[in-house]
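These numbers come from a predicted model, not from an experiment.
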Amino acid sequence: IKLVEIENAIDEEKVYAVKSLAGCLRKHLKKVMFEHRPFPDNIGGNDCTYVSVVLQIFLPGVAAHIQRIGEMGYLHAGWNEEPKLPPVRTLGIRTSEHLSYGRFKQGVGSHIDEDSTYTVIFALSNPDHYGGGEFFVLDGQVLDNGDEERQHDPQPTKTMMKAKQFSAFVFLSTTDHGVQPITYGHREMWTNEFW
């Protein structure tokens, strides 16, 4: 299993706390905690507020909740049977990012979350409030030619899904994933990576 969806993974109170923290950081520390982030090679982008630096200080219960959701995904996917995959509960949060796609309608092309082991993404927006914006994973072989550059399977299978509000996707960070173009509205997510 490459991805697990957990419905009702976060409640409105925690979402409000994360959005408030992100808003405060954008307002008071915009130069260091916010980035209008176009991705290289024209694969899209997002507006990113980095909350990981203060999340565990100001919202320790929320940080612990992220880890519990990650651990649920880890167990449900059977990754605990893989000797090289450590339990989420033993890892730290590498990054926690409040993501907005209001100005980046082209979505985000296929990529991996480098240097991380697991990724936990929470859907903060109601999927009825934006068009397109489906999350996708590519299920194909990464071809190793001995280079530093990754070579992708020329015919990967693209699986698309649109998360319900307050659901989470838990997946291995090495999974190729991205976001389809957004046709209208505002897509808002909260991404967390463990290492």
Side-chain angles (χ1 to χ4, degrees), residues 1-10 14-15 18-19 21-22 35 37 39-40 43-53 55-56 59 62-82 84-101 104 107-125 127 133-140 142 150 152 156-180 182 187-195:
I1 295 175
K2 288 200 174 224
L3 179 140
V4 174
E5 181 175 8
I6 300 171
E7 293 187 10
N8 301 310
I10 192 167
K14 288 179 183 70
V15 169
V18 169
K19 286 183 171 186
L21 180 61
E35 182 180 7
R37 182 169 70 175
F39 282 32
I43 65 166
N46 50 41
D47 285 332
C48 176
T49 306
Y50 299 98
V51 299
S52 55
V53 174
L55 177 72
Q56 295 178 73
L59 301 173
V62 174
H65 181 75
I66 302 164
Q67 199 163 39
R68 283 192 299 275
I69 294 298
E71 188 71 14
M72 285 174 60
Y74 168 82
L75 294 171
H76 183 77
W79 296 325
N80 56 320
E81 303 295 325
E82 299 288 330
K84 293 182 181 178
L85 293 174
V88 176
R89 70 182 182 291
T90 66
L91 302 176
I93 296 173
R94 185 182 82 77
T95 189
S96 181
E97 303 168 353
H98 177 266
L99 305 176
S100 171
Y101 296 84
F104 282 98
V108 176
S110 174
H111 65 283
I112 63 168
D113 296 331
E114 293 185 32
D115 301 323
S116 297
T117 306
Y118 305 103
T119 301
V120 180
I121 299 177
F122 293 92
L124 305 183
S125 299
E134 292 87 354
F135 179 81
F136 68 82
V137 294
L138 296 179
D139 192 17
V142 175
R150 297 170 351 123
H152 296 278
T157 302
K158 183 185 263 189
T159 303
M160 294 192 294
M161 58 213 86
K162 202 165 184 178
K164 295 177 183 170
Q165 189 175 26
F166 308 134
S167 290
F169 291 139
V170 181
F171 57 94
L172 298 174
S173 298
T174 55
T175 303
D176 276 307
H177 63 282
V179 178
Q180 290 291 106
I182 297 151
R187 182 180 190 270
E188 189 177 8
M189 305 295 277
W190 180 35
T191 298
N192 303 272
E193 298 173 23
F194 291 88
W195 65 350

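Results of the side chain to side chain donor-acceptor pair (under 3.5 Å) test with Ser96 over Thr49, Asn192, Thr191 single out Asn192 as the only residue that passes. Results of the side-chain contact (heavy atoms from CB on, under 4.5 Å) test with Arg68 over Met72, Glu71, His65 single out His65 as the only residue that passes.
A salt bridge links Asp139 with Lys2: the closest approach of a Lys/Arg side-chain nitrogen to an acidic carboxylate oxygen falls below 4.0 angstrom.
Looking at heavy atoms from C-beta onward, Ile69 lies out of side-chain contact with Ile10 at the 4.5 angstrom threshold. Within the 4.5 Å cutoff, no side-chain heavy atoms of Leu21 are placed close to those of Val62. Side-chain contact between Asp113 and His111 is present, with heavy atoms from C-beta onward closer than 4.5 Å. Phe136 has its side chain out of reach of Thr159: every pair of non-hydrogen atoms, C-beta onward, lies at least 4.5 Å apart. Within the 4.5 Å cutoff, side-chain heavy atoms of Arg37 are placed close to those of Leu99. Side-chain contact check for Thr175 versus Leu3: every heavy-atom pair is 4.5 Å or farther apart. Residues Trp79 and Val88 form no side-chain contact, since every pair of their non-hydrogen atoms from C-beta on lies 4.5 Å or further apart. By the 4.5 Å heavy-atom criterion applied to side chains, Pro86 and Tyr74 are not counted as neighbours.
Separation of atoms CE (Met161) and CD (Glu5) is listed at 8.0 Å; rounding is to 0.5 Å. Rounding to the nearest 0.5 Å gives a distance of 8.0 Å between CH2 of Trp190 and CG of Leu124. With rounding to the nearest 0.5 Å, the separation of CD in Glu193 from CG in Leu91 is 12.5 Å. The structure places CD of Gln56 at 8.0 Å from CD1 of Ile66, a figure rounded to the nearest 0.5 Å. Here CZ of Phe169 is found 8.0 Å from CD1 of Ile121. Values are rounded to the nearest 0.5 Å. Here the NZ atom belonging to Lys162 is positioned 13.5 Å from the OG atom belonging to Ser167, to the nearest 0.5 angstrom.
Smallest separation of non-hydrogen atoms from Val108 and Gly45: CG2-O, 3.6 Å. Smallest separation of non-hydrogen atoms from Leu138 and Pro156: CB-CB, 4.2 Å.
Without hydrogens or angle criteria, Ser125 side chain to Glu188 main chain gives a donor-acceptor distance under 3.5 Å. Side-chain atoms of His177 never come within 3.5 Å of backbone atoms of Ser110 as a donor-acceptor pair (strictly under, hydrogens ignored).
When the shell of 6.0 Å around NZ of Lys164 is examined, it contains 12 or fewer heavy atoms from other residues, nucleotides or ligands.
Aromatic pair Phe135/Phe171: centroids less than 6.0 angstrom apart.
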